[in-house]
Amino acid sequence: MSGYRKPMTIQGKSLLEKELKHLIEVERPKVISAIEVARGHGDLSENADYSAAKERQAHIEGRIATISDTLSNADVVDTSQINSDKITFGAYVRIEEDPAGKEKLYQIVGEDEADVNQGKISINSPLARSLIGRKTGEEFEFHSPGGGEKLYHILEFYFK
């Protein structure tokens, strides 16, 4: 579909493969069974169970297609093998907000594995783009998409 390779960590690939396996081996058969049961209830035009099951089936099949496409276009990177003196894809970066002194740890990951609640930010996010190419000890001003400006200090970065 998309045709270009997207970076992804080994961990991100593994999570998507597990989700795909679960959808194919558990969710798909479950929804097929639910459709068969609903068909047994008669008139499909007014059968809410049938409609709900078909809608769930469409969602599952769509997610299977999306994950399959993502995995086929993934450029999987073993971040433990990266040796760089600058922040790149896969880096864990500890930053401190100035003057608040609030520390945050982020890992720069691929789009499809980003989850800010887990400290994983997309390589295409504004913050990751501000970090790429920088070194430990640098300070930078970050202009958030919401309009706020913050000063950050890079405490450390590493790969694992």
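- Shown here for Gly133 and Lys86, the closest heavy-atom pair between the two residues is O-CD, 3.5 Å.
- The hydrophobic cluster containing Leu71 does not contain Val77, counting ILVMFWY residues as joined when their side-chain heavy atoms lie under 4.5 angstrom apart, directly or transitively.
- What you find for Tyr106 and Leu127 is that their closest heavy atoms are CE1-CD2, 3.7 Å.
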Side-chain donor-acceptor pairs under 3.5 Å in residues 26-40, sequence neighbours left out?
residue, atom, partner, partner atom, Å
Glu27, OE1, Arg56, NH2, 3.1
Glu27, OE2, His22, NE2, 3.0
Arg28, NE, Glu61, OE2, 2.8
Arg28, NH2, Glu61, OE1, 2.8
Glu36, OE2, Arg39, NH1, 2.9

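- Nearest heavy-atom pair across Phe157 and Ser84 is CE1-O, 3.7 Å.
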Dump the intermediate steps for side chain to side chain contact (heavy atoms under 4.5 Å, CB included) on Ile121 and Val93, then the final yes or no.
CA-CA 10 Å; Ile121 58 173; Val93 184; over 6 Å; no
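- Atom CG of Leu23 sits about 6.5 Å away from atom CD1 of Ile60, to the nearest 0.5 Å.
- A distance of 6.5 Å separates NZ in Lys102 from CD in Glu97, rounded to the nearest 0.5 Å.
- Counting heavy atoms from C-beta on, the side chains of Leu15 and Glu19 never come closer than 4.5 Å.
- Distance CD1/Ile24 to CD1/Ile64: 5.0 Å, rounded to 0.5 Å.
- Taking OG from Ser125 and CD1 from Ile132, the interatomic distance works out to 8.5 Å, rounded to the nearest 0.5 Å.
- Between Thr79 and Gly90, the closest heavy-atom pair is CG2-CA, 3.5 Å.
- Residues Leu151 and Glu139 have side chains in contact (heavy-atom distance under 4.5 Å, counting atoms from C-beta outward).
- Between the side chain of Thr66 and the backbone N or O of Gly62, at least one donor-acceptor pair lies under 3.5 Å.
- Counted within 6.0 Å of CD on Glu156, heavy atoms from surrounding residues, nucleotides or ligands total more than 12; the atom is thus considered enclosed.
- A distance of 12.5 Å separates OH in Tyr50 from CD in Glu55, rounded to the nearest 0.5 Å.
- Cluster annotation: Val109 is not connected to Ile123 through the hydrophobic network of ILVMFWY side chains, with a link wherever side-chain heavy atoms come within less than 4.5 Å.
- Leu155 places a side-chain heavy atom less than 4.5 Å from the side chain of Glu96.
- Taking all atoms of both residues into account, the shortest heavy-atom contact from Asp112 to Leu16 is CB-CD1, 4.5 Å.
- Side-chain atoms of Ile154 and Ile87, non-hydrogen and from C-beta on, do get closer than 4.5 Å to each other.
- Annotation for Tyr92: hydrophobic cluster partners, listed by chain and number, are Leu105, Tyr158 (ILVMFWY side-chain heavy atoms under 4.5 Å, direct or chained).
- At least one donor-acceptor pair under 3.5 Å links the side chain of Glu113 to the backbone N or O of Thr9.
- The NE2 atom of His153 lies 8.5 Å from the OG1 atom of Thr136; values are rounded to the nearest 0.5 Å.
- Residue-environment remark: NZ (Lys120) exceeds the threshold of 12 foreign heavy atoms within 6.0 Å.
- Ile108 and Thr88 make their closest contact through CD1-O, 4.1 Å (heavy atoms, listed as atom of the first residue, atom of the second, distance).
- In this structure, the ring pair (Phe, Tyr, Trp, His ring centres under 6.0 Å) partners of Tyr152, at least two apart in sequence or on a different chain, are Phe140.
- Phe159 and Val76 are members of different hydrophobic clusters when ILVMFWY side chains are connected at heavy-atom separations under 4.5 Å.
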